[in-house]
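Worksheet: one structure, shown below.
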Amino acid sequence: MRVKFLISSAIVSVTLAGCSAEPGSSSTSSRSPSYEMSLPEEMAALPPESAEKYKANDISPVRAVADAPVSTFAVDVDTAAYANVRRFLNQGQFPPKDAVRAEELVNYFRYDYPLPGDRGAPFSITTDVAQTPWNPDTRLLRVGLRGYDLARSARPPANLVFLIDVSGSMDEPDKLPLVKSALAMLAGNLRPQDSVSIVVYAGAAGLVLPPTSDPRQIKAALDDLQAGGSTAGGEGIQLAYATARATFRPEGINRVILATDGDFNIGITDQKELEELIERNRDDGITLTTLGFGQGNLNDAMMESVADKGNGNYAYIDSASEARKVLDEELSSTLFTIAKDVKVQVEFNPAEVSQYRLIGYENRALKEEDFANDKVDAGEIGAGHQVTALYEIVPAGTKGWLPERRYAGNQRGGALPDAAAGELATVKLRYKLPNGDTSRLIERPVAASLLRAAPLPSGDLAFAVSVAGFAQKPRGDTLLGDWSYADIRRLAGTQWGFGSQSQWRREFLDLVDLAQSRSRPARTANAETRPL
């Protein structure tokens with residue numbers, strides 16, 4: 001019997017059998033008036049017993065600058081949604097809209113942002129503006145961050161605890177066997193000053209490997225693991241934290257890495273108690289990374305939430321190549337935090353912008369007053385991490401999405417004089433150093449001349465915009481109009497010449513081609529549709 005673990009009332013348990021869902025979940029999206037998808041026969045539905053869990057994730061609304069001039073959100077470097085969407089498409093299935101977090105698709109890739117000038121400010125800030133390919137009346141504002149790189153030889157010593165789910169639900173080829181190979185790969189990247197402990201949980205929790213820096217011992221212990229029994233996740237996570245505390249490195253990396261399909265009965269029924277457990281250890285310097293595996297009972301909502309609370313990141317591992325990307329190529333980003341509680345705030349100048357919407361980051365939205373409040377938790381950036389945010393904006397005096405209001409007292413201001421002449425917006429960032437408690441502020445004005453001289457998106461920006469558009473289609477974003485997969489593919493270009501990134505970018509092109517090949521106009525007006 002599976003025990004459902006609810007992080008909050010916003011979590012839904014999605015049952016994808018013939019595109020049906022439990023009450024409160026979302027199996028269909030609002031239809032675009034000009035482009036619809038019916039479910040083709042060749043697109044297999046998930047089996048009836050599938051009950052994957054995703055947090056409710058509605059599309060960000062349009063805002064009027066006169067009503068809400070400031071947009072605030074926490075950064076997000078998770079990449080799980082991209083790998084999960086890839087899994088659905090490769091299996092001939094449509095991802096549930098709540099499984100698609102646009103920012104995680106965009107941030108799966110690296111872009112040509114400059115390195116920060118010095119480590120006094122741990123990341124650089126890039127802003128640019130381009131014409132919107134799906135709407136001639138709007139423009140796109142990109143905000144990009146890049147953290148400083150860290151050579152493996154310069155990484156502090158790591159005290160890692162592998163917390164591995166070996167319950168019966170992990171007895172599938174894409175679960176425990178893939179966990180073993182993925183973590184064995186990480187073990188192969190360790191140095192003599194690093195250590196790994198292994199804690200497992202099923203019917204009970206236990207320490208199967210005390211701290212060691214010997215990769216042979218780690219791989220041997222992994223090889224011996226077998227799946228079976230129920231899920232005692234509560235005992236497991238408490239033992240993992242206790243083990244990390246016993247071998248704590250004051251000047252090093254102290255991190256629990258949870259590998260599970262997310263069918264995780266934490267053993268703590270009260271949400272506040274769970275959060276306090278994770279936050280208490282986080283505040284003492286022990287962070288939490290979650291790695292999701294498998295399908296059918298994937299609890300994406302739980303893994304995303306606990307990674308956020310634990311100042312860690314969440315990745316979904318669907319293949320050996322994805323394990324290599326997360327635990328080998330991007331190991332320093334995965335393990336070493338260079339800035340925590342990173343928040344972005346954009347204030348728009350009403351003389352230049354009348355309306356806007358942020359593409360993605362729905363689960364990361366913050367109140368305006370949260371920006372300067374150092375008690376409010378936000379996102380973390382690891383060494384070499386990049387963060388990209390895209391705003392679609394309406395220049396003042398041009399046609400927007402919101403209708404005019406009838407009464408003069410309710411009408412929004414138009415192009416008004418402004419004290420900050422020549423500025424489109426101001427981008428503000430707050431962050432704390434890894435061991436700091438007080439945030440630092442960076443401010444960057446965005447020149448209004450960028451708005452008036454905005455070119456068509458090209459190069460790196462064109463690719464980022466194509467990924468963002470691709471992400472919004474399964475979410476049912478009607479503001480994309482009739483922008484098609486063919487349009488996305490053309491904008492993305494060929495993607496050769498990007499070094500190691502070329503592999504991942506060309507794979508994205510394959511996914512666009514796959515989605516396009518599966519799409520066709522809806523047969524009837526009342527047919528159940530799933531836009532892609």
Side-chain angles (χ1 to χ4, degrees), residues 8 10 57-58 60-78 101-104 106-107 113 116 120-127 141-147 275 279 282-283 304-305 307-313 337-353 355-382 385-393 418-420 423-446:
S8 74
N57 189 28
D58 293 336
S60 291
V62 170
R63 306 286 188 188
V65 174
D67 298 334
V70 176
S71 169
T72 309
F73 63 94
V75 301
D76 186 7
V77 295
D78 292 347
R101 295 180 288 273
E103 72 279 4
E104 294 187 23
V106 174
N107 289 329
Y113 300 142
F123 40 77
S124 66
I125 304 172
T126 298
T127 57
L141 167 64
R142 176 173 64 163
V143 178
L145 312 180
R146 177 178 176 177
E275 292 177 352
E279 291 172 350
R282 175 198 71 194
D283 293 342
E304 182 197 13
S305 294
D308 291 346
K309 291 293 182 184
N311 276 12
N313 53 310
T337 299
I338 63 173
K340 65 181 182 179
D341 290 340
V342 184
K343 307 169 188 175
V344 178
Q345 187 170 82
V346 178
E347 181 179 355
F348 291 98
N349 181 353
E352 300 291 346
V353 180
Q355 301 168 32
Y356 68 89
R357 65 171 182 143
L358 175 60
I359 298 176
Y361 294 94
E362 289 88 356
N363 290 344
R364 303 289 181 151
L366 297 174
K367 299 175 183 177
E368 182 178 354
E369 61 268 27
D370 292 341
F371 182 69
N373 186 349
D374 285 352
K375 299 296 184 182
V376 175
D377 184 53
E380 284 64 49
I381 294 181
H385 263 150
Q386 296 188 353
V387 177
T388 298
L390 289 167
Y391 284 91
E392 186 173 2
I393 60 178
D418 191 273
E423 292 182 6
L424 161 67
T426 297
V427 176
K428 301 178 183 180
L429 291 103
R430 279 198 176 274
Y431 69 95
K432 299 173 186 172
L433 293 176
N435 296 321
D437 296 320
T438 303
S439 66
R440 302 182 179 189
L441 174 66
I442 300 176
E443 295 186 68
R444 293 285 188 276
V446 182

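In this chain, residues are counted from 1 in sequence order. Heavy-atom basis, side chains included; hydrogens, waters and symmetry copies ignored.
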*Output yes when D78 and R364 qualify as a salt bridge under the 4.0 Å nitrogen-oxygen rule, no when they do not.*
yes
*asked:* Main chain of K367, side chain of D370: is a donor-acceptor contact present, judged purely on distance under 3.5 Å?
replied: yes
*asked:* Donor-acceptor check, side chain of D374 to backbone of T438, threshold 3.5 angstrom: yes or no?
replied: no
*Is L358 close to E392 at the side-chain level, that is, under 4.5 Å between some pair of heavy atoms?*
no
*asked:* Side chains of R357 and S60, heavy atoms from C-beta outward: is any pair under 4.5 Å?
replied: no
*Who are the side chain to side chain donor-acceptor pair (under 3.5 Å) partners of Q345, not counting sequence neighbours?*
T72
*What heavy-atom pair brings L390 and R142 nearest, and what distance separates the two atoms?*
CD2-CB, 3.7 Å
*Using the side chain to side chain contact (heavy atoms under 4.5 Å, CB included) rule, take D76 and E104 through it: C-alpha gap first, then chi angles, then the decisive distance, then the call.*
CA-CA 7 Å; D76 186 7; E104 294 187 23; 3.5 Å; yes
*Counting distance only, does the side-chain N/O of D341 pair as donor-acceptor with the main-chain N or O of A378 below 3.5 Å?*
yes
*Do the side chain of E103 and the main chain of Y361 share a donor and acceptor less than 3.5 angstrom apart?*
yes
_Derivation and outcome, side chain to side chain contact (heavy atoms under 4.5 Å, CB included), residues I393 and L424_ = CA-CA 10 Å; I393 60 178; L424 161 67; 4.0 Å; yes
*asked:* Centre-to-centre under 6.0 Å for F123 and Y113, is that the case here?
replied: no
*Residues S71 and Y391: side-chain donor-acceptor under 3.5 angstrom*: yes
*Looking at side-chain heavy atoms only, is the closest gap between E279 and N311 below 4.5 Å?*
no
_Between V62 and Y356, is there a side-chain heavy-atom distance shorter than 4.5 Å?_
no
*Stepwise side chain to side chain contact (heavy atoms under 4.5 Å, CB included) test for L441 and L429*: CA-CA 6 Å; L441 174 66; L429 291 103; over 6 Å; no
*For the student: nearest non-hydrogen atoms of A102 and G360, plus distance*: CB-CA, 4.0 Å
*Given the rule in the side chain to side chain contact (heavy atoms under 4.5 Å, CB included) test, do N107 and V77 qualify, once you have shown the distances and angles that lead to the verdict?*
CA-CA 6 Å; N107 289 329; V77 295; 5.8 Å; no
_Short N-O contact, R101 and E304, less than 4.0 angstrom_ = yes
*Could E380 and K340 be called an ion pair, given the rule that one side-chain N must be under 4.0 Å from one carboxylate O?*
no
_Any heavy-atom pair between the side chains of K428 and V344 that's under 4.5 Å?_
no
*Closest approach of G382 and H385, non-hydrogen atoms and distance?*
N-ND1, 2.7 Å
*State, to 0.1 Å, how close I442 and R444 come at their nearest heavy-atom pair, and which atoms those are.*
CG2-NH1, 3.2 Å
*So with a 6.0 Å cut-off around CG of D283, is the heavy-atom count from everything else above 12?*
yes
*Are any non-hydrogen side-chain atoms of L145 and Y431 less than 4.5 angstrom apart?*
no
_Over all atoms of both residues, closest heavy-atom pair of S124 and P116_ = N-CB, 3.8 Å
_Charged N-O contact under 4.0 Å between D377 and K309_ = no
*asked:* So which atom in A339 and which in P122 form the shortest heavy-atom distance, rounded to 0.1 Å?
replied: CB-CG, 4.0 Å
